[in-house]
K.L.:
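Following this message is one structure expressed as C-alpha cells.
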Amino acid sequence: MSIRASHILQKHSGSRRPFDSYRNVPVTRSKDEAIRNVEDIKRRLESGEATFEKLAQQVSECSSARNGGDLGEFQRGVMQKAFEDVAFALKVGELSDLVDTDSGIHVILRTA
C-alpha cells in the first residue's frame, strides 16, 4: 500500500543534516526553536491563516518546499520510521501533531 503526503520541515543544529536544502543555507537554530516554529506553523494552518502549500514554500527546509511540501507517493520502508508511522496513521486530509525525526521537526498532511 502506498500513500501520498506533504510536510513542512524545520531543521535544527542537531539535525542529521543541518542545512536548508531548498534555500542552500546552514541551519543554526536550536531544537527548541524548531519546535516552537512548527507549533506556530501548525497553529497558522489550523486557523486557516495560510494554506499548507504556501507555508511549505515559505518556511519548509526540505527540497520538497518547491512543490508545496509534496513528497509524492511512498510505501512503508522509504521514510524514517517515526515519520512513516505517523503518515500512515493519518486519514486523508488530516494534519499531524509535531513529528521529531533525525531530519528535524515536521508537520505532515496526508493527501492520498
Side-chain angles (χ1 to χ4, degrees):
M1 174 179 125
S2 65
I3 65 165
R4 186 173 193 137
S6 296
H7 78 139
I8 297 174
L9 170 65
Q10 288 282 285
K11 295 182 177 185
H12 52 82
S13 58
S15 296
R16 69 176 175 182
R17 191 168 169 260
F19 192 80
D20 181 335
S21 54
Y22 182 54
R23 292 166 196 83
N24 294 316
V25 295
V27 173
T28 59
R29 78 176 58 85
S30 71
K31 185 173 183 177
D32 286 342
E33 288 173 294
I35 290 169
R36 283 193 301 275
N37 287 351
V38 177
E39 287 172 342
D40 183 59
I41 289 163
K42 186 168 184 205
R43 180 195 57 75
R44 292 173 66 191
L45 291 168
E46 291 175 336
S47 74
E49 179 183 326
T51 66
F52 195 96
E53 183 176 0
K54 184 166 274 310
L55 264 182
Q57 291 169 344
Q58 292 172 352
V59 302
S60 186
E61 294 169 336
C62 175
S63 59
S64 67
R66 73 176 45 89
N67 301 318
D70 185 11
L71 295 167
E73 288 190 13
F74 56 91
Q75 296 179 331
R76 286 197 177 274
V78 175
M79 303 293 181
Q80 293 177 53
K81 184 166 176 18
F83 185 98
E84 182 179 278
D85 287 348
V86 171
F88 274 83
L90 293 170
K91 294 181 177 93
V92 174
E94 188 176 8
L95 190 64
S96 74
D97 286 327
L98 276 61
V99 181
D100 185 354
T101 71
D102 290 344
S103 296
I105 310 299
H106 312 253
V107 63
I108 304 167
L109 175 66
R110 181 161 171 184
T111 55

K.L.:
Do we see a donor-acceptor contact under 3.5 Å between the side chains of Gln80 and Ser103?
P.N.:
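Ser103 and Gln80 do have a side-chain donor-acceptor pair below 3.5 Å.
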
K.L.:
Out of curiosity, Ser6 OG to Asn67 CG, how far, rounded to the nearest 0.5 Å?
P.N.:
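Separation between the atoms: 9.0 Å.
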
K.L.:
Could you state the interatomic distance from CZ (Arg44) to NZ (Lys54), rounded to the nearest 0.5 Å?
P.N.:
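Taking CZ in Arg44 and NZ in Lys54, the distance rounds to 11.0 Å.
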
K.L.:
Between the main-chain N or O of Gly77 and the side-chain N or O of Glu84, is there a donor-acceptor pair closer than 3.5 Å?
P.N.:
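Checked: pair present.
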
K.L.:
Give me the other members of the hydrophobic cluster that Leu98 sits in, counting Ile, Leu, Val, Met, Phe, Trp and Tyr linked by side-chain heavy atoms under 4.5 Å, directly or via other members.
P.N.:
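For the cluster that includes Leu98, the remaining residues are Ile8, Ile35, Val38, Ile41, Leu45, Phe52, Leu55, Val59, Leu95, Ile105, Val107, Leu109.
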
K.L.:
If you take all heavy atoms of His12 and Ala34, which pair is closest and at what distance?
P.N.:
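Shortest heavy-atom separation between His12 and Ala34 comes out as CB-CB, 4.1 Å.
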
K.L.:
So, do Lys11 and Arg17 sit near enough that their side-chain heavy atoms are less than 4.5 Å apart?
P.N.:
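Side chain of Lys11 against side chain of Arg17, heavy atoms only: contact under 4.5 Å found.
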
K.L.:
Using side chain to side chain donor-acceptor pair (under 3.5 Å) as the criterion, list what pairs up with Asp102, not counting sequence neighbours.
P.N.:
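In terms of side chain to side chain donor-acceptor pair (under 3.5 Å), with neighbours along the sequence ignored, Asp102 is linked to no residue.
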
K.L.:
So, do Arg110 and Glu94 sit near enough that their side-chain heavy atoms are less than 4.5 Å apart?
P.N.:
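Arg110 vs Glu94: side chains apart.
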
K.L.:
Under 3.5 Å, is there a donor on one side chain and an acceptor on the other for Gln75 and Ser2?
P.N.:
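Judged by distance alone, the side chains do not pair up.
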
K.L.:
Would you say the side-chain atoms of Arg23 pair up with the backbone N or O of Asp20, donor to acceptor, closer than 3.5 Å?
P.N.:
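No: the side chain of Arg23 does not pair with the backbone of Asp20.
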
K.L.:
Is the shortest side-chain heavy-atom distance between Arg76 and Met1 below 4.5 Å?
P.N.:
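The answer is no; the side chains never approach within 4.5 Å.
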
K.L.:
Under 4.5 Å between any side-chain heavy atoms of Phe83 and Phe88, yes or no?
P.N.:
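No. Closest side-chain heavy atoms not under 4.5 Å.
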
K.L.:
For Ala5 and Thr111, which heavy atoms make the closest approach, and how far apart are they?
P.N.:
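Reported closest heavy-atom pair: N-OG1, 3.6 Å.
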
K.L.:
Compare all side-chain heavy atoms of Glu61 with those of Tyr22 and state whether any distance is below 4.5 angstrom.
P.N.:
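A side-chain contact is absent here, since even the closest heavy-atom pair is not under 4.5 Å.
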
K.L.:
Provide the closest heavy-atom pair for His7 versus His106 in the form atom of the first, atom of the second, distance.
P.N.:
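Between these two residues, the closest heavy atoms are ND1-ND1, 3.0 Å.
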
K.L.:
Could you check whether any side-chain N or O of Glu46 sits under 3.5 Å from a backbone N or O of Arg43, counting only pairs where one atom can act as donor and the other as acceptor?
P.N.:
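No, Glu46 side chain to Arg43 backbone: no donor-acceptor pair under 3.5 Å.
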
K.L.:
Quick check on side-chain contact (heavy atoms from CB on, under 4.5 Å): which of Ser60, Ser15, Ser64, Ser21 does Leu9 satisfy it with?
P.N.:
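Of all the options given, the one that passes is Ser60.
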
K.L.:
Can you tell if the side chain of Asp32 reaches within under 4.5 Å of the side chain of Arg36, non-hydrogen atoms only?
P.N.:
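With C-beta onward as the side chain, the pair touches.
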
K.L.:
Thr101 side chain to Ala82 main-chain N or O, any donor-acceptor pair under 3.5 Å?
P.N.:
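Side chain of Thr101 to backbone of Ala82, a donor-acceptor pair under 3.5 Å: no, none is there.
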
K.L.:
Does Lys42, at its NZ atom, have more than 12 non-hydrogen atoms belonging to other residues, nucleotides or ligands within less than 6.0 Å?
P.N.:
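More than 12 heavy atoms, drawn from other residues, nucleotides or ligands, come within 6.0 Å of this atom.
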
K.L.:
Just how far is it from atom CD of Glu73 to atom CZ of Arg4, taken to the nearest 0.5 Å?
P.N.:
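Taking CD in Glu73 and CZ in Arg4, the distance rounds to 6.0 Å.
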
K.L.:
Assess whether side-chain contact (heavy atoms from CB on, under 4.5 Å) is satisfied between Ser13 and Thr28, documenting all intermediate values.
P.N.:
CA-CA 5 Å; Ser13 58; Thr28 59; 5.6 Å; no

K.L.:
Given side-chain contact (heavy atoms from CB on, under 4.5 Å), test Asp100 with Lys31 step by step and report yes or no.
P.N.:
CA-CA 10 Å; Asp100 185 354; Lys31 185 173 183 177; 2.6 Å; yes

